[in-house]
Structure formats: C-alpha cells, structure tokens
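Notes follow once the structure below has been shown.
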Protein chains: 2
Amino acid sequence: MEGEQMNIKVVKQIAECNEDCSNAIKEILKSKNVYLINVMGSPGTGKTSLIIELIKKLKDKYNIAVVEGDIAGQVDAEKIDSLGISVVQLNTDGACHIEAISIKNILGYFDLEEIDLIFIENIGNLVCPAEFDIGEDLKIAILSIPEGDDKVEKYPLLFSTADAVVLNKFDMMKCFDFNDNKVEEDIKALTSSSHVFRISSRTGEGLSSLVTFIEEKAKARIKK
Amino acid sequence: MEGEQMNIKVVKQIAECNEDCSNAIKEILKSKNVYLINVMGSPGTGKTSLIIELIKKLKDKYNIAVVEGDIAGQVDAEKIDSLGISVVQLNTDGACHIEAISIKNILGYFDLEEIDLIFIENIGNLVCPAEFDIGEDLKIAILSIPEGDDKVEKYPLLFSTADAVVLNKFDMMKCFDFNDNKVEEDIKALTSSSHVFRISSRTGEGLSSLVTFIEEKAKARIKK
C-alpha cells in the first residue's frame with residue numbers, strides 16, 4: 001500500500017476551482033468595464049442566430065466580441081467573423097459545457113481596453129452548462145417553440161439560474177402546440193427574478209425589448 | 001499526512017466500471033431473450049413521442065417495457081403508463097446522461113421472462129449520453145427538423161455511434177430550411193453502418209420502415 005501512494009494525486013474539486021476562476025474573470029472584466037453575457041440552450045434552439053441579431057442591433061453603439069463554444073467545428077465562428085466582430089472559437093473536444101478556466105485563458109486574445117460587451121455561446125446542452133459559472137454578468141437561456149412547453153419542468157436548473165429566458169422561434173407558434181403562458185408560469189415558479197422574452201430571430205419580433213434589457217443591465221459597467 | 005490516508009478512497013474509473021456493467025446487462029438480456037433499445041437526442045427532439053408511436057405499432061406482437069430517463073419529473077413515464085406498458089422512471093437528479101449501473105439495477109423491476117423489448121429514453125442531450133453504453137443492442141439517435149441541419153457536424157459522436165438516425169418532425173420540412181440530403185451525407189461520412197429514417201411521429205409518415213428495421217434487428221434475440 002505504502003509504495004503505491006505516490007500515484008495518488010489529491011486535486012481540488014472541479015466546482016471549487018471553477019468558482020475561483022469565475023471570480024477572477026469577474027474581477028478582470030470589472031476593472032476593464034467589460035460586460036459578459038453567457039448564452040445557453042439546446043442544440044438548434046437558435047443561440048448563434050440570436051447572438052447575430054443582437055450584434056446587429058448593438059454594434060454601432062458598443063464594441064463587441066464573441067466566444068463561440070462548440071464541441072467540434074467552427075461554422076458559427078465563421079458567421080460571426082463575417083460581421084467584422086472579434087471572435088474566438090473554443091472547441092471543447094467532446095466536453096459538454098464550457099468551464100471558467102477556458103474563458104479566463106481566452107480573455108488574453110481580446111483587447112479588453114477596447115471592448116464593451118462579450119457574448120459567449122455555450123455548448124448546445126440544457127443540462128451541464130447551467131452548473132458552471134464562467135464569470136458572466138448575465139445568463140440568457142433560450143428555449144425554442146419546436147422543443148415543446150415541458151422543458152422548464154424537465155430541465156429546471158438552467159431556467160432557474162437565467163436572468164433572461166428567450167422563447168425563440170416565436171413565429172413558429174402557428175405550427176406547434178406550445179403554451180407560452182404555462183412556460184412563463186413554470187419559470188416564475190422557479191425564480192421571481194427571470195425575465196421572459198418572446199422572440200423570433202428570423203422575423204425580428206420581440207428583439208428590441210431584449211436589446212433594451214441588455215443595455216439597461218450593462219450600462220453601469222460599460223459607462224457609455 | 002499518515003492520519004489523513006483513511007479518507008482517501010481509490011475508486012475504479014467511471015468509464016471502466018460502466019463498461020463492466022454494460023457487459024453484465026448484455027449477458028442478462030441475452031439469457032432472457034430481451035432486446036434493449038437506447039433512444040437519444042436533444043431536449044424536445046421527440047423521443048417520448050417516437051417511443052409511444054413505436055409501442056403502438058409493436059405492442060400487439062411483443063411485450064414491451066420502458067425506462068424513462070429524466071433529470072427531474074415523471075410526465076413522460078405517466079404517458080407511457082397510460083398505454084398499459086410497464087415503465088420505470090429513472091431520475092438522475094441533475095446528471096446529464098444515464099449510466100449502465102442504473103439500468104442494471106432497474107432490470108430487477110421488470111419480469112424479464114415475459115418481456116421481449118425494452119426502450120430506454122435517455123436524458124435530452126446530444127453530448128454526454130453518447131459516451132456511455134448502457135447495455136443496449138441498438139442505439140437510435142433522433143434529430144428533429146427544427147434543430148437545423150448542422151447538428152451532425154457539431155455533435156459527431158452521437159451520430160457516429162447510432163445504428164439508426166431518425167430525422168423527426170419531417171412534416172415540418174415545409175416550415176424550415178433544412179437540407180436532409182446534406183445531413184444524410186454527413187452521417188454517411190461518419191459511419192457507413194447507420195440507417196437514416198425520415199419520420200413524423202405526428203403524422204405517422206415513415207414510421208413503418210423504422211418498425212421493420214427494429215423487428216429485423218431484434219428477431220434473432222426475441223425468437224418470435
């Protein structure tokens with residue numbers, strides 16, 4: 001037994017280490033007046049499209065950067081790059097969520113003196129990303145109409161920690177049997193502090209109220 | 001240091017333990033002539049609805065049981081129960097996938113002498129479930145049209161290990177810009193052994209070919 005002990009490494013629990021790292025990010029961004037938004041939701045819920053539409057509405061007023069989280073590939077980062085926005089592609093090589101350490105390392109790629117707002121597109125997953133703070137000031141959770149109106153009940157953690165919940169693809173309400181009022185009630189039962197936005201990134205419906213919400217939240221930090 | 005050693009537990013790695021457990025399930029089910037199907041896909045892709053429609057088509061011929069995996073709640077298990085089908089609700093309390101040990105324990109709840117087919121509805125997640133075999137004979141991955149046609153590229157592991165890929169909500173092709181041939185090519189580029197089925201659980205379109213595929217695969221085991 002004694003001889004085998006050298007192989008035993010005692011490591012800090014991941015959650016604790018992640019918290020330290022998340023706090024370090026918060027300190028850095030506070031000192032640089034940068035506001036960080038973490039966008040989460042299922043695969044195909046419309047995270048990239050929403051970020052693109054938000055960028056279009058915000059880019060004349062603020063300097064924006066994006067971190068694109070994906071298990072593999074860089075198709076989304078290419079879309080953001082084509083808008084002339086600084087973007088870093090973070091490939092997690094199979095991991096189902098982004099951890100704070102990755103974001104801390106990525107901050108070095110941006111000129112934080114110049115940037116006001118950073119969007120992070122988390123991995124498409126309703127479960128794991130909710131468990132890991134990544135130094136963000138604002139969490140946006142997206143649920144799209146085709147996914148069904150039972151998702152808040154089934155995946156409560158993500159929605160209970162979100163500052164804003166976007167009901168996306170709202171133009172598809174005509175095609176699907178989705179009770180948006182029930183979903184809003186389910187969210188309110190989890191947390192009184194979350195705001196619900198009915199949006200279609202495709203038609204632009206509802207987008208301006210989310211833009212106003214983000215500007216309102218970010219203004220103390222950005223000082224513009 | 002010496003005094004603290006009693007707190008150090010050396011545990012087997014999860015992946016290895018999971019493989020042992022998965023193999024044990026395979027042995028048990030082989031000896032009982034039971035065929036096990038693992039159904040995976042995003043939240044809202046239509047896993048429950050597909051399982052329900054398959055049950056309706058198969059239940060007069062085979063004895064079926066279901067394991068409903070959810071992080072929380074039991075709404076899906078109630079739907080299955082109302083069909084008169086044996087069902088066990090597995091709540092993972094936050095975990096993003098099902099592991100083999102849970103399935104091994106659950107087998108004790110079923111009368112395996114009587115059962116021919118077991119469906120497992122995995123947690124809604126395109127990432128983590130793909131990493132854990134749970135003793136299944138067949139893996140079905142579902143991708144629904146509203147999720148978008150870039151998902152195979154972004155989440156390759158799940159689709160590369162699936163025996164069958166269901167393009168679900170195919171009746172929604174008229175509402176979305178989804179290139180099903182591109183998706184089929186992406187799948188074929190990952191694996192030559194996967195079969196692609198274009199299905200709508202709502203209209204019943206394409207369902208019978210998946211039923212035939214399952215019966216064909218299961219017939220050596222079930223001996224009916």
Side-chain angles (χ1 to χ4, degrees), chain A residues 1-2 4-5 7-10 41-49 68-76 79 91-97 123-131 143-158 168-169 171-172 174-178 186 202, chain B residues 1-2 4-5 7-10 41-49 68-76 79 91-97 123-131 143-158 168-169 171-172 174-178 186 202:
Chain A
M1 280 296 283
E2 283 279 81
E4 286 182 79
Q5 280 168 30
N7 290 322
I8 300 172
K9 282 188 188 137
V10 180
S42 290
T45 201
K47 293 179 291 302
T48 316
S49 302
E68 271 299 330
D70 279 297
I71 288 171
Q74 57 178 58
V75 287
D76 293 339
K79 289 181 201 163
N91 283 136
T92 62
D93 281 341
C96 53
H97 62 276
I123 305 299
N125 188 318
L126 275 190
V127 187
C128 319
E131 293 167 31
L143 170 64
S144 69
I145 303 309
E147 292 170 64
D149 57 16
D150 57 349
K151 293 302 166 294
V152 174
E153 207 176 335
K154 283 186 175 173
Y155 303 90
L157 183 64
L158 182 65
N168 198 23
K169 307 187 191 177
D171 56 317
M172 288 294 161
K174 60 184 185 295
C175 295
F176 293 90
D177 182 23
F178 186 101
D186 288 347
R202 188 154 72 165
Chain B
M1 281 298 282
E2 282 281 79
E4 286 181 77
Q5 279 169 30
N7 290 321
I8 300 172
K9 284 187 185 138
V10 179
S42 290
T45 200
K47 294 180 292 300
T48 317
S49 302
E68 272 299 329
D70 280 296
I71 287 171
Q74 57 176 59
V75 287
D76 293 341
K79 289 181 201 163
N91 283 136
T92 61
D93 280 339
C96 54
H97 61 276
I123 305 298
N125 189 318
L126 275 189
V127 187
C128 319
E131 294 168 30
L143 170 64
S144 67
I145 303 310
E147 290 170 65
D149 56 17
D150 57 349
K151 294 301 165 297
V152 173
E153 207 176 334
K154 283 188 176 174
Y155 302 90
L157 183 63
L158 182 65
N168 198 23
K169 308 187 190 178
D171 56 317
M172 290 293 160
K174 61 184 183 296
C175 296
F176 294 89
D177 181 24
F178 186 102
D186 287 345
R202 189 156 71 166

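Each chain gets a letter, A, B and so on, in the order its sequence line appears, and its residues count up from 1.
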Largest heavy-atom contact set with chain A, pairs under 4.5 Å, which of B:A95, B:P146, B:S42, B:P43: B:P43
Set of side chain to side chain donor-acceptor pair (under 3.5 Å) partners for B:T48, sequence neighbours left out: B:D76, B:E121
Pick from B:D171, B:V127, B:L126, B:I71 with the largest number of heavy-atom pairs that fall under 4.5 Å of chain A: B:V127
Max heavy-atom pair count under 4.5 Å with chain A, selected residue of B:M172, B:R202, B:K169, B:E153: B:M172
Any residue meeting salt bridge (charged side-chain N to carboxylate O under 4.0 Å, His left out) with B:D150, in chain and number order, not counting sequence neighbours: B:K154
Best-contacting candidate, B:S144, B:C96, B:G73, B:G148, against chain A by heavy atom pairs under 4.5 angstrom: B:C96
Under 4.5 Å from a heavy atom of chain A, the part of B:E131 involved: side chain
